[in-house]
Amino acid sequence: MHQSVAVPAFIVANLARLCHKRNFIARLIKGCRVDARAGCFAYEITEHFQRSNEHFSRPDAFAGAFVLRQQESQMPKLKTKSGAKKRFKVTATGKVMAAQRGKRHGMIKRTKKQIRQLRGTRVLFKTDGDNIKKYFLPNA
């Protein structure tokens, strides 16, 4: 027989929200009276929560602290769009720099002053820069 451990009420109350297998927890609660056989109940729950990696497990649940269980599978790495890294640069303060528009073709119809003023780069508006960083340059 396993050692008897008292199960705090907040754990029993929140088990349905903590666990992805609600039927399993319901069977445990129904089949094992918490007051009479708390040791069995606590052992089964800790075994399940430590074995399963589909939710936040609680190996030290009876101390009252939540611990994020290390996942065996990780999210894939986000890649930077190769077209975006050629066109945009993120400054040290987080602003996004881009080349001026309007100098790709049709230089004959532009004045010399326009051509001069379109040299170099400019800072994008904040909302445009935020979108560039979120969707195209996730690691910037």
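Under the side-chain hydrogen bond (donor to acceptor under 3.5 Å, both in side chains) criterion, no residue pair touches residues 114-124, with sequence neighbours excluded. The salt bridge (Lys or Arg N to Asp or Glu O under 4.0 Å) contacts involving residues 106-115 comprise nothing, where partners must be two or more places apart or lie in separate chains.
Through direct or indirect side-chain contacts shorter than 4.5 Å among Ile, Leu, Val, Met, Phe, Trp and Tyr, Phe88 is connected to Val90, Val96, Leu124, Ile132, Tyr135, Phe136, Leu137. The hydrophobic cluster of Leu118 has no other members, since no ILVMFWY side-chain heavy atom comes under 4.5 Å of it.
At distances below 3.5 Å, not a single donor-acceptor pair connects side-chain atoms of Asn139 with backbone N or O atoms of Thr80.
Every residue two or more places apart in sequence or in another chain that forms a side-chain hydrogen bond (donor to acceptor under 3.5 Å, both in side chains) with Thr91 is listed here: Thr93. Listed by chain and number, the residues in a side chain to side chain contact (heavy atoms under 4.5 Å, CB included) with Lys86 amount to none (sequence neighbours excluded). For the side chain to side chain contact (heavy atoms under 4.5 Å, CB included) test, residues two or more places apart in sequence or in another chain that qualify with Ser82 are Lys85. Under the salt bridge (charged side-chain N to carboxylate O under 4.0 Å, His left out) criterion, Lys126 pairs with Asp130, not counting sequence neighbours. Partners of Val123 by side chain to side chain contact (heavy atoms under 4.5 Å, CB included), not counting sequence neighbours, listed by chain and number: Lys95, Met97. Remark: Asn131 engages no residue in a side-chain hydrogen bond (donor to acceptor under 3.5 Å, both in side chains) (not counting sequence neighbours).
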Show every donor-acceptor pair shorter than 3.5 Å between a side-chain atom in residues 100-107 and any protein atom, with sequence neighbours excluded, or say none if there are none.
none

